[in-house]
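Note sheet for the following structure.
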Amino acid sequence: MSSGKRAVKVKTPNGKEMELVPEKAWALAPKGRKGVKIGLFKDPETGKYFRHKLPDDYPI
DNA sequence: ATAATTGT
DNA sequence: ACAATTAT
């Protein structure tokens, strides 16, 4: 559950725009506020993990 | 234990 | 400040 499904256009920490599937995806929102969705990605170029906002309609 | 991720 | 998550 809560794992990534579809690919997302993300900006890697090195500034490359690419489509990646998040290893994990979840909602990050305070109580009573809208918040955002966050994905955990691994840059295939460097192996570095990073987090990135997901589209609001991304399936969690 | 902390950083980092967004928007209110 | 607050929310969840997890690699570091």
Side-chain angles (χ1 to χ4, degrees):
Chain A
M1 303 295 287
S2 311
S3 9
K5 185 189 179 33
R6 65 198 204 213
V8 184
K9 274 276 195 177
V10 292
K11 186 82 127 184
T12 70
N14 309 215
K16 281 191 76 82
E17 183 99 22
M18 51 192 316
E19 289 221 349
L20 294 177
V21 177
E23 285 191 5
K24 241 67 169 187
W26 65 93
L28 175 63
K31 299 171 186 121
R33 271 169 272 180
K34 179 180 187 189
V36 293
K37 291 174 182 178
I38 300 293
L40 175 68
F41 298 86
K42 179 155 39 180
D43 185 342
E45 305 267 310
T46 64
K48 297 300 286 180
Y49 276 96
F50 65 99
R51 288 157 180 78
H52 194 283
K53 177 190 188 318
L54 301 174
D56 291 340
D57 65 342
Y58 193 89
I60 297 303

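The figures that follow rest on heavy atoms only: side chains count, while hydrogens, waters and symmetry mates do not. Everything numeric here is computed off the predicted structure, so don't read it as measured data.
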Approximate separation, where rounding is to 0.5 Å, of A:Trp26 CH2 and A:Ile60 CD1: 9.0 Å
Which of residues 28-35 of chain A sit near DNA chain C, with a heavy atom under 4.0 Å from it? A:Leu28, A:Ala29, A:Pro30, A:Lys31, A:Arg33
Whole angstrom value for the distance that separates C1' of B:dA3 from CZ of A:Phe41: 18 Å
Which whole-number value in Å describes the distance from A:Leu20 CG to B:dT5 P? 16 Å
Can a donor-acceptor pair be found, under 3.5 Å and without considering hydrogens, that links the side chain of A:Tyr58 to the backbone of A:Lys5? yes
Return the value, rounded to whole Å, for the distance between atom CD1 of A:Ile38 and atom P of B:dA3. 17 Å
Short side-chain to backbone donor-acceptor contact, A:Lys42 and A:Gly47, under 3.5 Å: no
Nearest whole angstrom, please: distance from the P of B:dT5 to the NZ of A:Lys42. 19 Å
Main chain of A:Lys16, side chain of A:Asn14: is a donor-acceptor contact present, judged purely on distance under 3.5 Å? no
Would you check, one step at a time, whether the test side-chain contact (heavy atoms from CB on, under 4.5 Å) holds for A:Leu20 with A:His52? CA-CA 11 Å; A:Leu20 294 177; A:His52 194 283; over 6 Å; no
Nucleotide B:dG7, atom C1' - distance to NE2 of A:His52 in whole Å: 15 Å
From C:dA4, C:dT6, C:dA7, pick the nucleotide closest to the side chain of A:Arg51? C:dT6
In whole angstrom, give the distance that lies between atom OH of A:Tyr58 and atom P of C:dT5. 15 Å
Rounded to whole Å, the CG-P distance (A:Leu40 to B:dT6) equals 13 Å
Distance check needed: B:dT6 C1' versus A:Trp26 CH2, whole Å only. 12 Å
Minimum heavy-atom distance between A:Phe50 and A:Thr12, given as atom pair plus value: CZ-CA, 4.1 Å
